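To keep things clear, I will list the structure first and then write my remarks on it.
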Amino acid sequence: MIKGELLGVPLGDDGEPISDASVTVKLLADDYQLLCDTGAFAEYGRTELIDGKVFEVSPQYRRHGIVKMDLYDALRDALRANGSPFRPVIEFSLALSPVSLPEPDILLTSEPVGDGPVPLASVALVVEVASSTLAEDMGTVAGLYAAAGIPEYWVADVEGKVIHQLWAPEGETYAQRREVAFGERIEAVTVAGLTVTSAAL
C-alpha cells in the first residue's frame, strides 16, 4: 500500500486481518495515479485501472481508429450545432470510482478543462469502440459504467457494423438497449437534441 486503505481484506474488530489467507487487494485510483506519475508503468505504454486492477491498453489499428474519429467528429458537430454544454473528448481518464480510472474511447463531459481526471458527475455519455473486445465492453465494462450511474453508453461494434445503445442504468446493468446499424441516424436518449449521423462509418 502506498497510501489510503486496503480494499477487500476482511478485518476483525481490532482492525487486524481475520485470516492469513491470500486475498485480492484492489489498487486505489489515487495510488494508481501516484504510480503513473513515478513511471512505474512506463514500459507498458498506456494503461488503465479497472476495478482495482491495472490493464495494458491494446494497440489501436486503423479500422478501430477511423470509427472512433468519425464518431468523434459526428458528436462534436452535432453538439456544436445545438449549443450543447457538453464536449466530446478522446481517451481522457475518467474518475469512475475509487478503484476504477478507465480511459474511454470517447466521452461527453461538461468539464473538459481542468486538472486531473474527468469528474464522474460531468459525464453524460460514454462511447467505446470494440474491434476484439465486444464481449468485455458489453459485459464487464457496461456493468462498471452502469454501477457508476453513467446515464448512457454506446458500443460501436466494428465487426458487426452496429452501435449498441444502452441507457437507464439499474445496479450493474442497463435496463434499456437497442441497436443502430452503421449508416443510420442515432438519437441520444439522455442528451437533449443530440442526433448523430453515422453515414461515415
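When reading the values below, keep in mind they use all heavy atoms of this one structure, side chains included, and skip hydrogens, waters and symmetry mates. Everything numeric here is computed off the predicted structure, so don't read it as measured data.
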Report all side-chain donor-acceptor pairs from residues 86-96 shorter than 3.5 Å, counting only partners two or more places apart or in another chain.
{"unit_1": "Glu91", "atom_1": "OE2", "unit_2": "Gln60", "atom_2": "NE2", "d": "3.0"}
{"unit_1": "Glu91", "atom_1": "OE2", "unit_2": "Lys68", "atom_2": "NZ", "d": "2.4"}
{"unit_1": "Ser93", "atom_1": "OG", "unit_2": "Glu103", "atom_2": "OE2", "d": "3.3"}

Is the number of heavy atoms from other residues, nucleotides or ligands under 6.0 Å of Tyr44 OH greater than 12?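 Atom OH in Tyr44 is not crowded, with 12 or fewer foreign heavy atoms closer than 6.0 Å.
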Would you say CD of Glu56 has more than 12 non-hydrogen atoms from neighbouring residues, nucleotides or ligands within 6.0 angstrom? yes
Answer whether the closest heavy-atom distance between the side chains of [X] and [Y] falls below 4.5 Å.
| X | Y | value |
| --- | --- | --- |
| Val126 | Leu108 | no |
| Val118 | Leu107 | yes |
| Leu71 | Ile163 | yes |
| Arg185 | Val196 | no |
| Tyr32 | Val54 | yes |

Could you go through Val129 and Ile106, starting from their C-alpha distance and side-chain angles, then the distance that decides it, and tell me whether this counts as side chain to side chain contact (heavy atoms under 4.5 Å, CB included)? CA-CA 9 Å; Val129 178; Ile106 305 170; 5.5 Å; no
For residues 174-181, run the donor-acceptor check on the side chains, cut-off 3.5 Å, and write out each pair with its distance to 0.1 Å, sequence neighbours left out.
{"unit_1": "Tyr174", "atom_1": "OH", "unit_2": "Ile150", "atom_2": "O", "d": "2.9"}
{"unit_1": "Arg178", "atom_1": "NE", "unit_2": "Gln165", "atom_2": "OE1", "d": "2.7"}
{"unit_1": "Arg178", "atom_1": "NH2", "unit_2": "Gln165", "atom_2": "OE1", "d": "3.3"}
{"unit_1": "Arg178", "atom_1": "NH2", "unit_2": "Glu187", "atom_2": "O", "d": "3.1"}

Atom pair [atom1] ([X]) and [atom2] ([Y]), whose distance is rounded to the nearest 0.5 Å:
| X | Y | atom1 | atom2 | answer |
| --- | --- | --- | --- | --- |
| Leu35 | Asp30 | CG | CG | 11.0 Å |
| Ser97 | Lys26 | OG | NZ | 8.0 Å |
| Asp105 | Trp154 | CG | CH2 | 13.5 Å |
| Leu27 | Ile50 | CG | CD1 | 12.0 Å |
| Asp73 | Thr197 | CG | OG1 | 12.5 Å |
| Ser100 | Lys53 | OG | NZ | 11.0 Å |

Minimum-distance pair of heavy atoms, taken over all atoms of Glu111 and Pro119: OE1-CG, 3.5 Å
Under a 4.5 Å side-chain heavy-atom rule over Ile, Leu, Val, Met, Phe, Trp and Tyr, are Tyr153 and Tyr72 clustered together?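 No, because Tyr153 and Tyr72 fall into different hydrophobic clusters, even though each may have its own neighbours under 4.5 Å.
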Please check if Val189 and Leu75 belong to a single hydrophobic cluster, counting links between Ile, Leu, Val, Met, Phe, Trp and Tyr side chain heavy atoms closer than 4.5 Å.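 No; tracing contacts between hydrophobic side chains, which count when under 4.5 Å, never links both residues.
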Please assess Leu125 against Val123 for the test side chain to side chain contact (heavy atoms under 4.5 Å, CB included), listing each intermediate value before the final yes or no. CA-CA 6 Å; Leu125 185 150; Val123 176; 5.9 Å; no
Side chains of Thr190 and Glu152: any donor to acceptor distance under 3.5 Å?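 Judged by distance alone, the side chains do pair up.
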Carefully, step by step, assess Phe41 and Cys36 under the rule side chain to side chain contact (heavy atoms under 4.5 Å, CB included). CA-CA 6 Å; Phe41 307 119; Cys36 288; 3.8 Å; yes
Might you work through the side chain to side chain donor-acceptor pair (under 3.5 Å) test for Ser110 and Ser122, ending with a clear yes or no? CA-CA 5 Å; Ser110 59; Ser122 75; 4.6 Å; no
Would a distance-only check, ignoring hydrogens and angles, find a side-chain to backbone donor-acceptor pair under 3.5 Å from Thr47 to Phe55? no
Of Thr38, Leu101, Leu28, Leu49, the one forming a side-chain contact (heavy atoms from CB on, under 4.5 Å) with Gln33 is Leu101
Considering only distance and modelled atom types, tabulate donor-acceptor pairs under 3.5 Å from the side chains of residues 134-149, sequence neighbours left out.
{"unit_1": "Asp137", "atom_1": "OD2", "unit_2": "Thr133", "atom_2": "OG1", "d": "2.8"}
{"unit_1": "Tyr145", "atom_1": "OH", "unit_2": "Glu128", "atom_2": "OE2", "d": "2.8"}

